[in-house]
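Structure first, commentary second.
The sequence lines fix the lettering, A, B, ..., with proteins before strands; numbering per chain opens at 1.
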Protein chains: 2
Amino acid sequence: MDTLLKPAHIDLPASPRSGQRPDPNHADCRGVASVLSRVGDKWSVFVIMMLGDGPKRFNELKRMINGISQRMLTLTLRGLERDGLVTRTIFPTIPPRVDYELTDLGRGLSRPVEALGKWAMEHLAQIEAARTRFDKRGEH
Amino acid sequence: MDTLLKPAHIDLPASPRSGQRPDPNHADCRGVASVLSRVGDKWSVFVIMMLGDGPKRFNELKRMINGISQRMLTLTLRGLERDGLVTRTIFPTIPPRVDYELTDLGRGLSRPVEALGKWAMEHLAQIEAARTRFDKRGEH
DNA sequence: CCGCATCCGTTCTGATACTG
DNA sequence: CAGTATCAGAACGGATGCGG
């Protein structure tokens, strides 16, 4: 079990040398980063959104997201489970069935996440326009 | 200028085979993903937050974030600039001075982002507890 | 049906050194 | 001070095959 499905996450970039003196204001930045990188994870956001509707099965999620590979979905779900954002319920039937559902914590997170998603959809055009403009200028 | 400071971003995972039939509901997921991955970018969130206070200089930002390397800060700022979220103002003085500031678009984004950051800080303890618990069980 | 493990290419990151 | 170039190591991500 050496390589496992390496979650890796980010945990902490490990606080820098002791010689440094970050503003106390930003002392918690590292910790926050580890939470945000879960959210920032491309797939996590989608999974959280999909699960906002209610519990889903593995392949149901896979189908909904559709661009995701099995591996990444497994990894994402594990990460979410690890962080206490989703629960994993196994029904030892044949064939097996596994349901994923948001915890209260996860449901709380889904609100800001959906706000972000909403914003993203509304301003998508503007951003893409800006991107195109920028790229055109850059290609000197 | 071959390797440059490769931005790479994500742009689009490129939509899958045409044989697939994702719910129309998720047709725009890909586009949203490219926006979210900017937000999800560990550093982007911090930069946006820092800039929420007002314009900042390059090294000022570097100092505030403190875990970031010069390279990553440059990359992050470029990406943000590309997306039309921040402006870059150069003062051709000696020594040179460059100010970064949120655009209106960026300021709009900073609201949901800060909500997310706020949530992250408030629930950090719960998440870390869940993580520890999970890891302890995993280390069979 | 659910999910773990391995191979293996691609991408990201940090450290360092060099310009204007 | 602000930024670029380069390189080597780490992490990510997908495809495939196996097992409960």
Side-chain angles (χ1 to χ4, degrees), chain A residues 1-17 33-34 37-38 40-44 46-47 55-63 65-82 86 88-100 138 140, chain B residues 1-14 16-17 33-34 37-38 40-44 46-47 55-63 65-81 86 88-100 138 140:
Chain A
M1 203 165 292
D2 207 40
T3 53
L4 189 61
L5 281 173
K6 41 177 173 173
H9 307 303
I10 284 207
D11 278 333
L12 289 192
S15 129
R17 302 290 131 62
S34 67
S37 32
R38 165 126 334 284
D41 194 24
K42 192 170 47 179
W43 303 122
S44 294
F46 288 125
V47 171
K56 298 273 180 300
R57 299 182 55 176
F58 186 89
N59 275 358
E60 210 170 345
L61 285 169
K62 185 161 177 240
R63 179 158 216 127
I65 300 184
N66 194 9
I68 196 172
S69 67
Q70 188 182 39
R71 183 185 138 95
M72 282 303 107
L73 183 53
T74 301
L75 242 37
T76 302
L77 287 168
R78 279 252 173 286
L80 257 24
E81 190 193 352
R82 185 172 100 112
V86 310
R88 179 166 172 257
T89 312
I90 308 174
F91 299 87
T93 60
I94 300 181
R97 169 199 178 123
V98 182
D99 274 18
Y100 292 92
H140 47 88
Chain B
M1 202 167 290
D2 207 42
T3 53
L4 191 62
L5 284 170
K6 42 177 172 174
H9 308 303
I10 283 203
D11 278 334
L12 289 191
R17 302 290 131 61
S34 66
S37 31
R38 164 125 337 285
D41 194 23
K42 191 171 49 179
W43 303 122
S44 295
F46 287 125
V47 171
K56 297 273 180 299
R57 299 181 57 174
F58 186 88
N59 274 358
E60 211 170 345
L61 284 170
K62 184 162 177 241
R63 180 156 215 128
I65 300 184
N66 194 10
I68 196 172
S69 66
Q70 188 180 36
R71 184 182 133 93
M72 281 304 107
L73 182 53
T74 301
L75 242 37
T76 303
L77 286 168
R78 280 245 175 290
L80 258 22
E81 190 193 353
V86 309
R88 179 165 172 256
T89 312
I90 308 176
F91 300 88
T93 59
I94 300 180
R97 170 200 177 121
V98 181
D99 274 17
Y100 292 92
H140 49 88

Starting at atom [atom1] of [X], determine the distance to atom [atom2] of [N], rounded to an integer number of angstrom.
X       : N      : atom1 : atom2 : result
B:Glu60 : D:dC1  : CD    : C1'   : 12 Å
B:Lys56 : D:dC1  : NZ    : P     : 17 Å
A:Arg63 : C:dC1  : CZ    : P     : 10 Å
B:Leu75 : D:dG3  : CG    : P     : 12 Å
B:Ile68 : D:dA2  : CD1   : C1'   : 14 Å
B:Asp99 : D:dC1  : CG    : P     : 14 Å
B:Asp41 : C:dC12 : CG    : P     : 10 Å
B:Met72 : D:dG3  : CE    : C1'   : 14 Å

Between [options], which nucleotide gets closest to the side-chain atoms of [X]?
X       : options              : value
B:Pro96 : C:dG20, D:dG3, C:dC1 : C:dG20
A:Ser69 : D:dT4, D:dG14, C:dC2 : D:dG14
B:Asn59 : D:dC1, D:dG3, C:dC1  : D:dC1

About how many Å separate OG1 of A:Thr76 and CZ of A:Phe46, when rounded to the nearest 0.5 Å?
->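 Answer for the CZ-OG1 pair, A:Phe46 versus A:Thr76, is 11.0 Å.
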Hey, what do you get for CZ (A:Arg97) to CG (A:Asn59), rounding to the nearest 0.5 Å?
->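 With rounding to 0.5 Å, CZ (A:Arg97) is 12.0 Å from CG (A:Asn59).
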Look at the side chain of B:Gln70 and the base of C:dG14, then say whether one donor and one acceptor between them are separated by less than 3.5 Å.
->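 It does not, because no donor-acceptor pair links the side chain of B:Gln70 to the base of C:dG14 below 3.5 Å.
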Side chain to side chain contact (heavy atoms under 4.5 Å, CB included) between A:Met72 and A:Leu75: does it pass, once the steps are laid out?
-> CA-CA 5 Å; A:Met72 282 303 107; A:Leu75 242 37; 3.4 Å; yes
Tell me what A:Phe91 touches on the nucleic acid: a base, only sugar-phosphate, or nothing, going by heavy atoms under 4.0 Å.
->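 A:Phe91: no heavy atom of the nucleic acid under 4.0 Å.
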OP1 or OP2 of C:dA5 under 4.0 Å from side-chain N/O of A:Arg71 |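 Looking at the OP1 and OP2 atoms of C:dA5, neither is under 4.0 Å from any side-chain N or O of A:Arg71.
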Do B:Glu81 and B:Arg78 meet the salt-bridge criterion of a basic N to acidic O distance under 4.0 Å?
->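 Looking at B:Glu81 together with B:Arg78, the answer is yes, because their closest N to O distance falls below 4.0 Å.
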Minimum heavy-atom separation for B:Val86 to B:Leu77, with atom names?
->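 Closest heavy-atom pair between B:Val86 and B:Leu77: CG2-O, 4.0 Å.
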